[in-house]
Amino acid sequence: MAYHNGSIPLRALFIMLCFGMAKSLYTIPLKIFTGKFNSSLDLDLTPLKLIQASGNGLSLASDPAGIVNFLDMVNNLQGDSGRGYYMEMTLGTPGQKLNILVDTGSSNFAVAAAAHPFITHFFNTALSSTYKSTGRGVAVKYTQGNWEGELGTDRVLIPSIAGTLTINIATILSSDGFFLPGVNWQGILGLAYPLLARPDSSVEPFFNSMVRQTGIPDVFSLQMCGAGLSASTTADPTGGSLVMGGVEPTLYSGSMWYTPIKEEWYYQVEVLKMEVGDQNLNLDCKEYNKDKAIVDSGTTLLRLPVNVFSAVVEAISRTSLIQDFTSGFWGGTKLACWLKGETPWRFFPKLSIYLRATNTSQSFKISILPQLYIQPITDVDGTLDCFRFGISSSANGLVIGATVMEGFYVIFDRAEKRVGFAVSRCAVNGGIAVSETSGPFSSADVASNCAAGGLLKEPLLWVISYALVAVCVVVLLILLLLLVLPCRHRDRSGEITDESSLVRHRIK
């Protein structure tokens with residue numbers, strides 16, 4: 001779970017492509033590694049008030065005197081897709097402030113508890129009178145990077161949430177490739193289900209604890225406002241909003257479309273098809289859901305299974321006005337650069353993802369314009385604007401990451417087992433909306449179940465694995481005994497014959 005924000009060399013490898021009015025295209029080595037950034041309690045709460053609920057059971061803007069005020073949560077995130085979106089939280093007694101990365105693709109709440117060259121400060125457990133160690137070790141490995149540490153509990157204070165919470169905290173004591181240069185966060189807030197928690201699902205995730213202790217609805221919503229922003233800018237702009245307990249209507253426009261959560265581990269959804277421009281890729285729907293299809297704010301790019309990725313690249317290449325585009329750009333090893341001010345977005349088509357609707361006989365689509373997947377990175381000598389391809393291939397499923405999520409206000413309605421998408425009010429670039437939703441469409445021509453079948457949750461998988469190993473060990477021991485002590489019998493003369501030898505029968 002990591003990304004890398006590197007510097008771009010000033011010397012470019014110039015490749016001239018002729019198109020349109022003889023515009024020039026250059027490519028330079030891409031230094032950015034993209035991927036996942038690439039998770040008995042005490043109560044100390046003020047008296048709770050009921051939150052105003054809408055007719056569909058979701059919480060809308062609440063009374064400011066209540067436990068939460070959603071308007072206070074607007075713009076509580078900073079960052080962008082290149083460095084991650086994070087919020088400030090206060091841990092321990094007395095409080096220590098840290099910036100915490102928001103990640104819907106993991107379930108541990110983990111913070112740096114030791115010095116690291118790439119972070120400015122860490123949570124010092126020795127200075128907190130309320131920190132309690134459980135004595136259990138924990139280790140988590142992400143798509144890129146990993147860390148090891150110790151489990152404990154402590155009090156956590158979040159702006160706009162009344163009172164303090166006592167939360168399971170993993171203190172990171174050592175890491176490799178997790179904290180990287182250029183980031184401004186010191187921990188990670190895993191918002192997925194308990195099944196992904198480490199070392200096992202008995203470690204209650206942050207949001208589960210929050211719902212239990214405060215009584216807020218089991219729903220949160222996320223707006224990420226980095227659409228079209230360069231991932232190499234030095235300052236972190238206001239990056240978006242994490243609304244815990246409901247939905248803030250001022251953050252989106254148009255209709256909200258919902259897709260069922262297929263499995264409660266990641267936020268797994270069901271993709272029915274994809275279009276490049278108006279061209280259907282015409283793949284079997286199971287190709288899109290191979291392994292799984294998830295919504296993950298901690299993944300930088302839109303990641304597609306290999307066959308889907310190849311089809312998308314082929315369709316974009318065929319549809320784009322740019323011919324003979326370098327393969328290094330599609331593969332993520334090169335940037336494409338144009339003369340400053342000559343943005344390339346007009347040369348590329350929009351991309352659409354069809355998701356199954358809560359009415360399973362229907363679907364809806366979410367579309368992103370090229371402003372979201374042809375992403376600005378940096379300029380070179382003030383004369384070139386450079387861009388990367390915001391889509392990559394994946395060996396472990398389709399991931400709707402920040403490339404897509406930056407176009408939408410996304411509702412994680414855990415109470416109703418659904419994920420909602422609406423056009424984000426901050427998904428605007430140069431005065432142009434860069435995302436769309438539309439529907440409903442009939443899904444009669446699509447299989448009734450496109451999702452990967454028979455997913456084994458990890459704790460169950462461990463049990464089955466251990467059982468199979470035990471069976472294999474028993475069988476192996478029996479075979480070894482038969483080899484070492486073959487069943488032999490004597491003939492009438494009392495001599496051992498090799499007709500009964502196990503080895504001879506094996507040779508036969």
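One-based numbering along the sequence shown.
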Next item on the list: For Tyr267 and Ile400, run side-chain contact (heavy atoms from CB on, under 4.5 Å): C-alpha distance rounded to whole Å, both residues' side-chain angles, the deciding distance at 0.1 Å, then the answer.
Entry: CA-CA 10 Å; Tyr267 292 99; Ile400 298 175; over 6 Å; no
Notebook entry, point to check: When you check the side-chain N and O atoms of Trp147 and Tyr142, is any donor under 3.5 Å from an acceptor?
Noted result: yes
Next item on the list: For Leu272 and Cys285, work out which heavy atoms get closest and say how close.
Entry: O-CB, 3.4 Å
Margin query: As a quick check of understanding, evaluate side-chain contact (heavy atoms from CB on, under 4.5 Å) for Gln223 and Val74, giving each step before the final call.
Written below: CA-CA 9 Å; Gln223 180 193 55; Val74 173; 5.6 Å; no
Notebook entry, point to check: Is it true that a side-chain atom of Ser175 and a backbone atom of Phe178 form a donor plus acceptor pair closer than 3.5 Å?
Noted result: no
Notebook entry, point to check: Is a side-chain donor or acceptor of Ser435 paired with a backbone partner of Gly407 at a separation under 3.5 angstrom?
Noted result: yes
Check: Parallel under 30°, tilted from 30 to 60°, perpendicular over 60°: which one fits the rings of Phe421 and Phe364?
Finding: tilted
Margin query: When you compare the side chains of Tyr86 and Asn184, does any donor N or O come within less than 3.5 Å of an acceptor on the partner?
Written below: yes
Notebook entry, point to check: If you round to the nearest 0.5 Å, how far is CZ of Phe348 from OG of Ser317?
Noted result: 8.5 Å
Note to self: Any salt bridge linking Glu204 with Arg212? Criterion: basic side-chain nitrogen under 4.0 Å from a carboxylate oxygen.
What the structure shows: yes
Margin query: Please check: side-chain N/O of Asn429 versus main-chain N/O of Ile432, any donor-acceptor pairing under 3.5 Å?
Written below: no
Note to self: For Asp278, is there an ion pair with Lys350 - N to carboxylate O distance below 4.0 angstrom?
What the structure shows: no
Margin query: For Glu275 and Lys365: C-alpha separation, side-chain torsions, deciding distance, then whether salt bridge (Lys or Arg N to Asp or Glu O under 4.0 Å) applies.
Written below: CA-CA 10 Å; Glu275 290 177 344; Lys365 71 176 177 179; 3.8 Å; yes
Checklist line | Shortest non-hydrogen contact between Cys450 and Arg356, atoms and distance | finding: SG-NH2, 4.0 Å
Check: Side-chain donor-acceptor pair under 3.5 Å between Asp103 and Ser106, yes or no?
Finding: yes
Margin query: For a 4.5 angstrom cut-off between non-hydrogen side-chain atoms, does Phe408 reach Ile368?
Written below: yes
Item checked: Those residues that, when tested against Thr403, pass side chain to side chain donor-acceptor pair (under 3.5 Å) (two or more places apart) -> Gln375
Next item on the list: Identify the residue among Leu369, Leu372, Ile366, Ile391 that makes a side-chain contact (heavy atoms from CB on, under 4.5 Å) with Leu351.
Entry: Ile391
Margin query: Restricting to non-hydrogen atoms, name the atom on Gly390 and the atom on Leu301 that form the minimum distance, rounded to 0.1 Å.
Written below: O-CB, 3.5 Å
Next item on the list: State, yes or no, whether a side-chain contact exists between Val399 and Thr299 at a heavy-atom distance under 4.5 Å.
Entry: yes
Note to self: Does the plane of the ring in Phe220 sit parallel, tilted or perpendicular to the ring in Phe207? Use 30° and 60° as the thresholds.
What the structure shows: perpendicular
Check: Can the ring centroids of Trp257 and Phe441 be said to lie less than 6.0 angstrom from one another?
Finding: no
Note to self: For Val219 and Phe412: C-alpha separation, side-chain torsions, deciding distance, then whether side-chain contact (heavy atoms from CB on, under 4.5 Å) applies.
What the structure shows: CA-CA 6 Å; Val219 56; Phe412 296 85; 5.8 Å; no
Note to self: How long is the straight-line distance from CG of Leu251 back to OG of Ser241, given to the nearest 0.5 Å?
What the structure shows: 5.0 Å
Next item on the list: Answer yes or no for Arg414 and Tyr193: cation-pi contact, defined as NZ/CZ to six-membered ring centre under 6.0 Å and angle to ring axis within 45°.
Entry: yes
Next item on the list: Indicate, with yes or no, if the rings of Tyr252 and Tyr409 have centres closer together than 6.0 Å.
Entry: yes
Note to self: Is the shortest side-chain heavy-atom distance between Val271 and Leu398 below 4.5 Å?
What the structure shows: yes
Next item on the list: Scan side-chain atoms only and decide if Glu270 and Tyr288 contain a donor-acceptor pair under the 3.5 Å cut-off.
Entry: no
Margin query: Whether the side chain of Lys417 engages the backbone of Glu263 through a donor-acceptor N/O pair (distance < 3.5 Å, no angle test) should be reported.
Written below: no
Notebook entry, point to check: Which pair of heavy atoms, one from Ala422 and one from Ser253, lies closest together, and at what distance?
Noted result: CB-O, 4.3 Å
Next item on the list: Please examine the side chains of Lys292 and Lys262, heavy atoms only from C-beta on, and report whether any two atoms are closer than 4.5 Å.
Entry: no
Item checked: Pro260 vs Arg418 side-chain heavy atoms within contact, under 4.5 Å -> no
Check: Are Pro440 and Asn359 side-chain neighbours, meaning at least one heavy-atom pair lies under 4.5 Å?
Finding: no
Next item on the list: Could you tell me which non-hydrogen atom of Arg136 sits nearest to which non-hydrogen atom of Ser202, and how far apart they are?
Entry: NH1-OG, 3.6 Å
Item checked: Atom pair CG (Leu157) and CG (Leu165), whose distance is rounded to the nearest 0.5 Å -> 8.5 Å
Check: Under 3.5 Å, is there a donor-acceptor pair between the Asn99 and Glu88 side chains?
Finding: no
Checklist line | Passing candidate, side-chain contact (heavy atoms from CB on, under 4.5 Å) with Val156, options Thr164, Ile169, Thr90, Val111 | finding: Ile169
Next item on the list: Measure the spacing between CE of Met274 and OG of Ser367 and express it to the nearest 0.5 Å.
Entry: 10.0 Å
Check: Is there side-chain contact between Met210 and Ile161, with heavy atoms separated by less than 4.5 Å?
Finding: yes
Note to self: Go through it in stages, so that I can follow the logic: the residues are Phe118 and Phe179, the test is ring pair (Phe, Tyr, Trp, His ring centres under 6.0 Å), and I'd like the CA-CA distance, side-chain angles, deciding distance and then a yes or no.
What the structure shows: CA-CA 6 Å; Phe118 298 146; Phe179 298 111; 9.0 Å; no
Check: Side chains of Val102 and Leu222: closer than 4.5 Å at any heavy-atom pair?
Finding: yes
Check: If you measure from CG on Asn307 to CG on Asp284, what distance do you get to the nearest 0.5 Å?
Finding: 10.5 Å
Margin query: Quick check: closest heavy atoms across Ala197 and Ser107, and the distance to 0.1 Å?
Written below: N-CB, 3.7 Å
Margin query: As a quick check of understanding, evaluate side-chain contact (heavy atoms from CB on, under 4.5 Å) for Met224 and Ser297, giving each step before the final call.
Written below: CA-CA 9 Å; Met224 300 156 69; Ser297 66; 4.1 Å; yes
Check: Can you name the residues that form a side chain to side chain donor-acceptor pair (under 3.5 Å) with Thr250, not counting sequence neighbours?
Finding: Glu248
Checklist line | Nearest-0.5 Å distance, CG of residue Leu151 to CZ of residue Arg198 | finding: 12.0 Å
Next item on the list: Classify the ring geometry between Phe329 and Phe389 as parallel (under 30°), tilted (30 to 60°) or perpendicular (over 60°).
Entry: tilted
Check: Relative to Tyr354, does Lys273 satisfy both conditions: NZ or CZ under 6.0 angstrom from the six-membered ring centre, and within 45 degrees of the ring's axis?
Finding: yes
